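This is a predicted model, so every value here is computed, not measured. Just so it is clear, the values below take in all heavy atoms, side chains as well, and ignore hydrogens, waters and symmetry mates.
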Amino acid sequence: MSDSSTAGSARLTRGQILRRRFFRNKSAVAGLVGFGLIVLLAGIGPLVARYHYTEPDFLAFHVAPNADHWLGTTKDGSDVFAMVIEGLRKSLIIGLSVAAIQTAVAAIVGSAAAYFGGWFDKVALWVVDLLLVVPSFLIIAIVSQSVSGQSKGSIPLFIILLAAFGWMLTARVIRSMTLSVRNMEYVTAARYMGVSAPRIIARHILPNVSSYIIIDATLGVASAVLSETTLSYFGFGVKPPNTSLGTLIQQSQGDVAVYPWTFIAPAVVLMVMLVCVNLIGDGVRDALDSSSKSGGRA
Amino acid sequence: MFPYLMRRIANYAILLVIATVLAYFLAATQLNPLGLYDLSNTKLNWDGIYATFTSYNINPNDPVMDRFKVWATGVLTEWDWGKTPKGESVNAIISRRMWVSVRLVFLGSFIGMGVGTALGAWTATKQYSVADRIITVLSLIVFSTPVMVIALFLKLGAIKANAALGGQVFEFVGEGSGLVGRAQHLLLPTISMSLTGIATYSRYQRNLMLDTLGADYVRTARAKGLRKRQAITRHALRTSLIPMGTYFAFALATLFVGASITETVFSWHGLGEYAVTSISTFDINGTVAVVAFSGMMTLIGALLSDVLVAVIDPRVRVS
């Protein structure tokens with residue numbers, strides 16, 4: 001590969017092609033830059049904030065944004081800027097971890113079901129269908145409502161719950177994609193050479209469906225953040241002392257009319273974050289999908 | 001096709017029954033109606049409370065299997081879905097709230113589907129024009145925005161507008177009365193419900209339409225002398241609507257319970273709101289009924305999409 005490229009015939013590796021296609025897409029780059037800035041904000045925010053998110057200013061209840069409290073304060077004197085940064089950090093952690101876990105589960109279950117077939121496939125499909133029939137939002141709400149003690153409203157609990165109910169549709173798609181790869185010559189060859197099943201799945205099948213997995217993982221970040229926000233909005237999600245953007249929106253919804261800054265700040269940060277993730281997702285899809293014309297020619 | 005559909009229906013029905021039973025056990029073991037009372041309050045008549053809960057079949061101290069038997073018998077023999085911790089009949093609540101939901105949901109989702117499809121088809125024919133780019137950006141922003149953020153921004157805007165106009169032009173609490181009153185109260189929640197639909201469906205339709213616009217049969221139709229407009233509407237639009245049928249059918253699943261955010265923000269006492277309040281008020285029977293209702297909607301949606309695709313798409317009928 002490197003020989004031919006130094007020879008000037010400009011042969012590119014797959015990674016290089018994908019990178020070129022992605023970076024030619026202006027909106028995807030904008031999304032990436034925006035997301036980078038948001039992560040940066042989440043990283044350095046606590047360092048530049050004047051207040052800690054658990055530290056109420058008892059001299060300033062519900063004050064409008066000013067030089068001291070950049071984004072104003074809430075009814076108990078908490079600094080909105082510090083709270084939004086903390087909420088953003090937690091929402092980012094939830095979004096990224098849930099997307100990673102649920103995509104991994106979906107890839108394993110989906111590809112294994114198609115590869116092994118038979119009863120394993122039947123059971124897996126049945127479980128997927130069952131979980132799709134039950135409204136997962138309500139189930140998560142019931143479980144989180146009943147959890148008592150320390151883990152109530154905690155971040156790890158939420159990551160597990162959201163991931164547990166978020167993998168089914170992806171698993172179905174990966175299963176049907178695996179079905180078309182499963183009987184390819186190279187898979188059969190590997191099987192006759194005595195390569196073990198997990199190794200075939202990991203080395204020969206999953207790489208062939210990887211474009212879908214990557215797209216799904218990217219968009220999964222947005223949907224996980226959305227689900228968490230919705231649950232928190234109804235009081236079934238992250239609870240104080242923990243906080244997330246959804247929790248902040250929930251706490252401020254009654255004050256929208258009188259103290260709009262308590263709502264606008266978390267809402268705008270949430271919107272910008274989700275727009276950026278979706279832009280990246282679109283860009284990744286265009287770059288990976290060879291039939292897409294929006295990426296131009298590489 | 002008929003035996004195939006019957007098999008699907010039977011399969012769905014079994015899934016629904018199992019899902020509902022599982023939901024019952026989950027709710028009955030996880031939701032504790034005693035949480036409604038202050039457990040440290042000794043002045044409360046606990047024996048009385050327990051007796052009442054037993055008569056409603058939601059006493060957490062009774063064995064869950066016994067409660068399940070009573071509940072299942074009630075559902076099977078009298079279609080009685082039980083009582084809430086306050087003693088109301090779940091059947092009555094659901095049948096009342098369903099119509100509140102229908103009044104809100106119908107218009108919102110209808111506008112979302114119609115406008116979204118039209119917008120998507122139109123932008124596809126104008127790909128990469130200024131209008132297409134603007135609509136693409138706007139729809140991306142809208143579907144990246146959680147519904148409650150849209151709804152609360154609408155509310156905030158309405159409050160400011162009312163203050164500026166010096167009167168209650170925009171209403172955002174409850175249903176209102178009279179034709180004008182109802183229309184006033186419907187305006188904001190309908191916008192909040194349809195915006196996401198418009199954004200999502202216009203994206204789907206645009207992509208589907210772009211595929212069909214470049215298809216051979218559309219080019220053939222043009223080459224045979226059909227006007228561009230006719231070629232697009234008769235050939236491209238029609239084929240691109242087939243997969244949209246599936247999306248619409250599945251939208252049914254999320255119609256009722258999915259409106260919970262809009263209903264909560266705008267104080268509509270529909271099913272979506274009940275789905276949420278039933279869980280937060282430890283209403284076991286209500287929660288299970290809502291789960292069953294929404295599961296049934298999912299299945300009707302799935303079935304409808306099977307039928308729709310079979311009816312619209314000749315390829316399915318042939319194979």
Inset, instruction - Count the heavy-atom pairs under 4.5 Å between each of B/A27, B/P146, B/S278 and chain A, then report the option with the highest count. - result: B/P146
Legend entry - Beyond-backbone contact of B/T262 with B/W268, side-chain heavy atoms, under 4.5 angstrom: no
Inset, instruction - Examine the side chains of A/Q251 and A/T262 and answer whether a donor and an acceptor come within less than 3.5 Å of each other. - result: no
Inset, instruction - Name the member of B/L31, B/T277, B/L152, B/T264 that forms the most heavy-atom pairs with chain A at distances under 4.5 Å. - result: B/L152
Inset, instruction - Determine, using ring centers only, whether B/F68 and B/Y24 are less than 6.0 Å apart. - result: yes
Inset, instruction - Let me know if B/S144 has heavy atoms under 4.5 Å from chain A in its side chain, its backbone, both or neither. - result: both
Inset, instruction - Could you have a look at B/T298, B/I141, B/L26 and say which one has the most heavy-atom pairs with chain A under 4.5 angstrom? - result: B/L26
Legend entry - Proximal component of B/Y12, with respect to chain A [non-hydrogen, under 4.5 Å]: neither
Legend entry - Contacting moiety of B/S260, where chain A heavy atoms sit under 4.5 Å: both
Inset, instruction - With a 4.5 angstrom heavy-atom cut-off, could you sort out which part of A/V277 is near chain B: side chain, backbone, both or neither? - result: neither
Legend entry - Contact class of B/L210 relative to chain A, heavy atoms under 4.5 angstrom: neither
Legend entry - Carboxylate-amine/guanidinium contact B/R97 B/E273, below 4.0 Å: yes
Inset, instruction - Could you look at B/L299 and say if it's the side chain, the backbone, both or neither that has a heavy atom under 4.5 Å from chain A? - result: side chain
Inset, instruction - Please lay out, stage by stage, how A/E228 and A/S232 fare under the test side-chain hydrogen bond (donor to acceptor under 3.5 Å, both in side chains). - result: CA-CA 6 Å; A/E228 184 278 324; A/S232 298; 2.6 Å; yes
Legend entry - Contact winner vs chain A - B/I279, B/I159, B/V149, heavy-atom pairs under 4.5 Å: B/I279
Inset, instruction - Would you confirm whether the ring centroid of A/W261 sits within less than 6.0 angstrom of the ring centroid of A/Y259? - result: yes
Legend entry - Any A/Y233 side-chain heavy atom under 4.5 Å of B/V265 side chain: yes
Could you go through residues 121-142 of chain A and list every donor-acceptor pair under 3.5 Å that involves a side-chain atom there, pairing it with any protein atom two or more places apart or in another chain?
| residue | atom | partner | partner atom | Å |
| --- | --- | --- | --- | --- |
| A/D121 | OD1 | A/R175 | NE | 2.7 |
| A/D121 | OD2 | A/R175 | NH2 | 3.0 |
| A/D129 | OD1 | A/R172 | NH1 | 2.6 |

Legend entry - For chain A, the option from B/S280, B/A275, B/A158 that forms the most heavy-atom pairs under 4.5 Å: B/S280
